[in-house]
Each structure stands twice: as C-alpha cells, then as structure tokens.
Amino acid sequence: MIYWCGSAAHRRLLHPLRRRKAVAALRARPRPAALLVVCHGNICRSPARGRAARSRGRAVWHRRALGGLIGFNRPAPAEALAAAERHRVNLSDHRSTLITAQLARADLIIVMDPTQRRHICERFGRRPADVILLGDFDPGPVETRTIRDPVDQRRDVFDEVYARIARCVQGLAAVLAGAKS
C-alpha cells in the first residue's frame with residue numbers, strides 16, 4: 001500500500017497553502033519589534049538568516065537575537081563561513097548562544113523545522129502563533145518546510161541551504177514590511 005500524504009509531491013502541493021496561511025497570520029498581527037532566530041546549534045542556519053536579515057530588513061525589524069537548542073560559544077564551521085561569504089554575510093565573529101527564557105520573550109520566533117517549533121512552545125510556553133517556520137516563506141516550490149541542517153555536510157549543501165535562507169528572508173521581510181505597525 002502506498003501512502004501518498006507523506007510524499008514529496010504532497011508536501012510540494014501543500015507548500016503554497018502553508019505559505020498563504022503563514023503570510024496571512026503574520027500580516028494579521030502587529031509588526032514584531034523583537035525577533036529570535038533559532039536553529040539546533042546556532043552555528044549554521046540561524047546566524048546566516050540573522051545576519052542576512054540585518055542587511056535586508058533594517059526597516060522591518062529593529063531588535064534581533066539568535067539562539068540554539070544546544071552548545072554555547074561555538075564558532076561557525078569553515079564550510080558555513082565560506083558559503084555565507086558567497087551570500088555577502090560575514091560569520092567570522094559569530095559564536096553560538098543558547099536560548100534562554102529572556103530570549104524566548106521575543107515578539108516573534110523564527111525556527112528552521114517543526115520540531116524546533118514544538119520544542120520552543122513546550123519549553124518556553126509560547127503559543128504556536130508566535131513561532132513561525134522560515135521555510136514557509138520560500139516563494140518557490142519546495143520538498144519540505146524544514147530548512148535542512150548543513151552541519152558536517154559538503155560546501156555545496158551549505159550553498160543550497162544559504163540560497164534557500166536568502167529566498168525565505170526576502171519573502172519574510174516583504175511580509176513584515178506590510179504588517180500592521
């Protein structure tokens with residue numbers, strides 16, 4: 001028996017619906033003053049997204065923090081540095097930060113996968129509406145909502161992930177620019 005609902009084709013078909021829902025939900029809320037960008041280790045995805053946001057969204061978000069679910073004070077790996085540089089993002093001085101209750105008070109929390117969303121909601125008592133998946137803002141057809149973790153992968157994987165993050169940041173910035181003030 002074949003279960004179609006979990007297939008890549010099904011996820012591709014669901015993406016436009018999820019994107020519309022994410023955009024509508026974000027536009028319905030006040031523009032966030034403080035954002036927290038989260039990934040597992042805070043050494044690859046969230047720093048790339050956070051630093052990319054700094055250059056693309058100054059007028060959209062004023063306070064932005066980064067955090068991870070594991071590790072502390074770890075640098076980005078060499079592959080992350082090289083791939084980020086291609087996207088005009090400098091991660092050379094980045095060191096990982098653990099999420100704290102203080103950071104989790106941000107107006108909006110951006111995560112890379114649904115598991116991280118569930119973890120943030122359970123651990124810090126946040127409503128699911130306050131935690132969004134960055135992958136839902138990808139304007140293109142995608143296989144998954146999750147933005148793949150490139151840690152310990154080849155440089156070309158980092159390049160793919162950072163290209164997707166850049167697309168998603170651009171989509172998210174456009175939505176936030178049109179959000180209620």
Side-chain angles (χ1 to χ4, degrees), residues 7-29 31-32 35-68 76-77 79-91 94 106-117 120 128-179:
S7 70
H10 184 250
R11 289 188 301 268
R12 260 193 314 278
L13 289 172
L14 282 177
H15 180 66
L17 173 65
R18 284 188 175 131
R19 187 170 193 276
R20 282 193 302 274
K21 284 179 67 175
V23 167
L26 207 49
R27 285 188 175 149
R29 61 185 293 147
R31 184 180 299 155
L35 296 176
L36 172 62
V37 183
V38 174
C39 72
H40 188 68
N42 186 229
I43 59 172
C44 298
R45 295 171 292 176
S46 57
R49 190 267 174 227
R51 302 265 174 122
R54 182 184 298 164
S55 64
R56 292 178 178 86
R58 287 182 197 266
V60 177
W61 43 73
H62 304 289
R63 294 186 328 225
R64 173 200 46 79
L66 308 172
E79 295 84 0
L81 295 171
E85 190 175 294
R86 283 194 62 206
H87 291 273
R88 295 187 296 277
V89 174
N90 181 0
L91 298 181
H94 174 75
D107 300 323
L108 185 66
I109 300 173
I110 302 163
V111 297
M112 304 296 154
D113 69 49
T115 303
Q116 293 166 358
R117 181 183 200 182
I120 295 294
D130 296 333
V131 185
I132 62 171
L133 274 77
L134 182 59
D136 285 347
F137 293 88
D138 196 324
V142 296
E143 299 282 326
T144 179
R145 303 171 80 185
T146 297
I147 295 184
R148 180 179 177 185
D149 189 350
V151 74
D152 296 328
Q153 301 291 317
R154 298 179 320 270
R155 165 71 189 279
D156 61 317
V157 174
F158 275 88
D159 288 335
E160 290 171 19
V161 168
Y162 285 3
R164 182 166 187 211
I165 288 172
R167 288 193 313 269
C168 293
V169 165
Q170 189 171 18
L172 177 60
V175 174
L176 288 174

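- Summarising the geometry, atom CG belonging to L26 is positioned 11.0 Å from atom CG belonging to D136; distances are rounded to the nearest 0.5 Å.
- Listed by first and then second residue, the salt bridge (charged side-chain N to carboxylate O under 4.0 Å, His left out) pairs that reach into residues 156-167 are R86-D159, D138-R164, D138-R167, R154-D156, R155-D159, sequence neighbours excluded.
- Nearest heavy-atom pair across C44 and Y162 is O-OH, 2.8 Å.
- When atom types are taken as modelled, the side chain of R117 and the backbone of V131 share a donor-acceptor pair closer than 3.5 angstrom.
- Checked by atom type and distance alone, the side chain of R145 never pairs as donor or acceptor with a backbone atom of R18 at under 3.5 Å.
- Considering only heavy atoms from C-beta on, L176 comes within 4.5 Å of P32 through its side chain.
- Within the 4.5 Å cutoff, the side chain of I132 has heavy atoms near those of the L172 side chain.
- Within the model, atoms OG1 of T144 and CG of L14 stand 11.0 Å from one another, a figure rounded to the nearest 0.5 Å.
- Here CG of D107 is found 8.5 Å from CG of D130. Values are rounded to the nearest 0.5 Å.
- Legend: residues meeting side-chain contact (heavy atoms from CB on, under 4.5 Å) with V161, ordered by chain and number and at least two apart, are R45, I147, R148, P150, V157, I165.
- A distance of 11.0 Å separates CE of M112 from OG1 of T146, quoted to the nearest 0.5 Å.
- Nearest heavy atom pair, residue G135 against residue H15, reads O-CE1, 3.3 Å.
- L66 approaches L36 most closely through the heavy-atom pair C-CD1, 3.9 Å.
- Using a 4.5 Å heavy-atom cutoff, the side chains of V23 and F137 are in contact.
- Although no hydrogens or angles enter the test, the distance criterion places a donor-acceptor pair under 3.5 Å between the side chain of H94 and the main chain of N42.
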